[in-house]
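All values below come from the heavy atoms of this structure, side chains included, with hydrogens, waters and symmetry mates left out. Residue numbers start from 1 in every chain, and the chains themselves are labelled A, B, ... in the order their sequence lines are given, proteins ahead of strands. Bear in mind the structure is a predicted one, so any value in this text is a computation, not a measurement.
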There are 2 protein chains.
Amino acid sequence: MSPTTTLTPATTADRTGVSIDTLRYYEREGLIGPIRRTGGGRREYTEEDVFWIGLVTCFREAGLGIADLRGFVAILRAEHPPQDRVAFLQDRRAALEQRVAALGRAMKVLDEKIAYYS
Amino acid sequence: MSPTTTLTPATTADRTGVSIDTLRYYEREGLIGPIRRTGGGRREYTEEDVFWIGLVTCFREAGLGIADLRGFVAILRAEHPPQDRVAFLQDRRAALEQRVAALGRAMKVLDEKIAYYS
DNA sequence: CTCGGACCTGGAGCGCGCACCAGGTCAAGA
DNA sequence: TCTTGACCTGGTGCGCGCTCCAGGTCCGAG
């Protein structure tokens, strides 16, 4: 009937690499969802949900915190004017660049030590 | 008499941007020091200590954990063979590169969103 | 000598990002 | 129908990286 396949929590966890507990946590924190439920109350994840979870994971791996991601979600969902969105996104981007710079400094130190001991 | 100036905890905190509590914490965890003490038991930081604290801060800002840094300290201090040190340092460097890659992926996503809303 | 402020130690508290658990519900297969 | 296992909610626990506090000590200025 419905052409859209849905995924169980276990399958979703498997596909995204995010644990079921963490998926529920993200949903509670408003980072994903709200996820649709079956009549019995079980979660049904869509492919769209999976994609969004991938985005969240991407930013988590980049070191963004839950609060940051909540802001991100709010900006992409709400009716903020486009220029607000762009400003927000550019601000986040600048923060990531700072992190890259910090990593670069640390790597430079490591390179010096490596050169010293080689 | 002694040509080497020493710094009080407050001054050291000021110069390094690390709080006194955190300096004590780092010392307890073996990341810095042990810091020399005066007769009365107060800490006396040297310029060398300050430099080392800078290194620790650099790696902390790059996202390394306390345990990682402890390993780093152990490698740089202990009598590990040079090739062990190099291997360890290169391993750490690879981990940092992974983080840079993760940041790059997140920034790419941001760039796409920015382009979309611009 | 006294006062006050910087410092000491040991330990408790806290926010984050989950992981785990108990006790109960739902649903597919025998 | 009964069993079994995946799932539900709510709550607790935990490691990390500090941060703060109490109660006491040191020491320089007045």
Margin query: Could you tell me the boundaries of the chain B footprint on DNA chain D, defined by atoms under 4.0 Å from its heavy atoms?
Written below: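 Footprint of chain B along DNA chain D, 5' to 3': D:dG17 to D:dC27.
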Note to self: So, applying side-chain contact (heavy atoms from CB on, under 4.5 Å) with B:L31, which one of B:F72, B:Y26, B:Y25 is it?
What the structure shows: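 Of all the options given, the one that passes is B:Y26.
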Item checked: Over 12 foreign heavy atoms within 6.0 Å of CD, B:Q83 ->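 Above 12, so yes.
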Margin query: For A:R36, is the CZ atom crowded, meaning more than 12 foreign heavy atoms sit under 6.0 Å from it?
Written below: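 Counting neighbours around CZ of A:R36, 12 or fewer heavy atoms of other residues, nucleotides or ligands fall under 6.0 Å, so no.
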Notebook entry, point to check: So, for B:E61 and A:A102, which heavy atoms are closest and what is the spacing to 0.1 Å?
Noted result: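 B:E61 and A:A102 have their closest heavy atoms at O-CB, 3.7 Å.
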Next item on the list: Please name the pair of heavy atoms, one in B:L89 and one in A:I114, separated by the smallest distance, quoted to 0.1 Å.
Entry: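 Where B:L89 meets A:I114 most closely, the heavy atoms are CB-CG1, 3.5 Å.
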Note to self: Please tell me whether A:I20 and A:I53 are part of a single hydrophobic cluster in this structure, the criterion being side-chain heavy atoms less than 4.5 Å apart.
What the structure shows: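 No: no chain of side-chain contacts under 4.5 Å links A:I20 to A:I53.
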Notebook entry, point to check: Going by number, which of residues 22-47 of chain A have a non-hydrogen atom under 4.0 Å from DNA chain D?
Noted result: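 Heavy-atom contacts with DNA chain D come from A:R24, A:R37, A:G41, A:R42, A:R43.
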Note to self: Which residues in residues 48-76 of chain B have a heavy atom closer than 4.0 Å to any atom of DNA chain D?
What the structure shows: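 Correct list: B:R60, B:G65, B:I66.
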Margin query: Measure CG/B:D21 against C1'/C:dT9 and give the value in whole Å, please.
Written below: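 Distance check: B:D21 CG to C:dT9 C1' gives 12 Å.
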Next item on the list: Answer whether the closest heavy-atom distance between the side chains of B:P9 and B:L23 falls below 4.5 Å.
Entry: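 Counting from C-beta outward, B:P9 and B:L23 never come under 4.5 Å.
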Check: Using 4.0 Å as the upper bound for N to carboxylate O, is an ion pair formed by A:R24 and A:D21?
Finding: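 Salt bridge between A:D21 and A:R24, a charged N being under 4.0 Å from a carboxylate O: yes.
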